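I have placed the structure first, in the form of structure tokens, so that the comments after it can refer back to it.
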Amino acid sequence: MTVTVVPSQQVLNPQLEIAGGRRLSGEVRVSGAKNSALVLMAASLLTEDTLRLRNVPPLTDIAGMGEILASLGVGVRRGSDSIEMDGSGLNQSAPPYELVNSLRASFFCIGPLLAKLGIARVPLPGGCQIGTRPVVEHVKGLKALGAQVTIEHGVVSAVVPGRGHRLKGGRIHLDCPSVGATETLMMAAALADGETVIENAALEPEVVDLAGLLIAMGARVRGAGTPTIRIVGVERLHGADYAVIPDRIEAGTLLLAAAITRSTLTVGPVITDHLGAVLTKLEEVGCRLDIDGTCVTISADQIRAVDLRTQPFPGFPTDLQAPFMSLLATAQGTSVITEHIFENRLQHVGELQRMGAAIRMQGNTAFIEGVHRLSGAPVKGSDLRASAAMVLAGLAADGITTVQGLEYLDRGYADLEGKLNAVGATIRRVG
Ligand code: UD1
């Protein structure tokens, strides 16, 4: 198979220029879920056969994960919306620091590497803009499966002792329902000897998607989507052809684009069960929702204040906290948002204030007094979802908003400006 690595996009100082105040109308298509696709790609390390994923979004993070897999010997070939990975050449157990550092989710490779090769050396991903992002639960779980793990000089080294270097099934109780730890341990347990039970597992749809893929590859997984996941290890996993779920966070962002511009828009495909808490909040603020199969049509007119706190699934997702705050900055009345998942995920507040939002902070709680109109300004997104929040604010603001920090936006949104322009927005990429 030809190995083609998709290079990460490199642009100098691009920004979006948004002419605010346009109404949106029409239909927007939701891409495949970034967070699912990244982890499903890591599962290619578990098999010598070819794994083909469909509905893979064209994002720089996906390209980055492709580079990491290629550095380990996996043949990676990108199609227009698919990606094929051939794990037969896997011959490295240590992805390079530069690649892991720029893509946190790549740390999750440690589970499948350890399961397949019995050895893995993966640099600690470090903190990021939204918080410290520890990996204690991943490490604790791998130890429970029989790995010896040491952390020295910023690198996690793990080895499975004994003949055959095969992990052993075990009982793991996560202290917090970490999405990444649950996924890492599911992949590790899939090839382990015996049964693994993960208690207090994350319930997120991406975990269920990973279970779906692993089962398609021949794994024995039960209980994904509940707090207790049981995995009976098998000796070998085979290839599969699998479609990634739609991106619930992108879908939520697009629904919010309609709400903040007081428009009517149809967004799909979505799995509405994945968006329960978000749809409920949209109704609470006064949006009308019409659900037809996998499409949601949203109509917004007056928006009223609401309180929300981020929580693990099925609670309100932390990844939509910043975009929802942009909407509430334009609501009637005072809203209260509390960020419970990440300690540093309210950096967008300062930027929204520069656009005229009336927000007061107390610890991890923001008190948002809705204003009649935001005003366009130069702003910078401090992380992926904060950048999306700036784009939404720009759609509703008077005049021109320029949004910098597109290196974050492009990691997680496939052509956001193209999709919004197609339904009536005026956004130009410059620089
Ligand atoms: C994933 C998502 C991210 C989302 C987050 C929470 C991917 C690639 N990223 O990140 O977009 O915002 O879920 O829904 O899927 N924690 C610990 N110890 C650990 C691990 C985590 O205390 O060992 C804490 C974290 O500090 C955080 C919380 O658990 O407060 C949630 O983190 P986690 O679920 O692990 O997030 P990620 O998997 O990194």
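Here the structure is a predicted model, which means the values were calculated and not measured. In each ligand, atom 1 is the first atom listed, and ligand 1 is the first ligand listed.
Taking 4.0 Å as the cut-off between side-chain N and carboxylate O, D241 and R54 count as a salt-bridged pair.
Geometrically, ligand 1 and T318 share no nitrogen or oxygen pair separated by less than 3.5 Å. Looking at ligand 1, you won't find any N or O of P177 less than 3.5 Å from one of its N or O atoms. The shortest N or O to N or O distance between D319 and ligand 1 is under 3.5 Å. Below 3.5 Å of separation, one finds an N or O of V179 facing an N or O of ligand 1. At a 3.5 angstrom cut-off on N or O pairs, E183 does not count as close to ligand 1. Considering backbone and side-chain atoms alike, G180 places an N or O below 3.5 Å from some N or O of ligand 1.
Not a single heavy atom of A202 sits under 4.0 Å from any atom of ligand 1.
Between the side chains of R230 and T196, no donor-acceptor pair of N or O atoms lies under 3.5 Å. If you check the side chains of K380 and S387, you find no donor sitting under 3.5 Å from an acceptor. In this structure, a donor-acceptor pair under 3.5 Å is absent between the side chains of T318 and T310.
To the nearest 0.5 Å, atoms CG (N35) and CG (D319) are separated by 6.0 Å. Expressed to the nearest 0.5 Å, how far CD1 of I249 lies from NE2 of H274 amounts to 11.0 Å. To the nearest 0.5 Å, atoms CE (M187) and CG (L45) are separated by 8.0 Å.
Residue nearest to atom 24 (C) of ligand 1, selected from S178, G412, C176: C176 (by heavy-atom distance). Of all the listed residues (I341, L320, V39, L38), I341 holds the heavy atom that lies closest to atom 31 (C) of ligand 1.
For ligand 1, the atoms lying closer than 4.0 Å to a non-hydrogen atom of V135 are 23 (O). Listed by atom number, the atoms of ligand 1 under 4.0 Å from A105 heavy atoms are 8 (C). Every atom of ligand 1 is numbered from 1 in the order shown, and the set under 4.0 Å from a heavy atom of R345 is 12 (O).
When heavy-atom distances to ligand 1 are checked against a 4.0 Å cut-off, R104 comes that close only through its side chain, counted from C-beta outward.
Counting non-hydrogen atoms of neighbouring residues, nucleotides and ligands closer than 6.0 angstrom, the CZ atom of R166 exceeds 12 such neighbours.
L69 places a side-chain heavy atom less than 4.5 Å from the side chain of M41.
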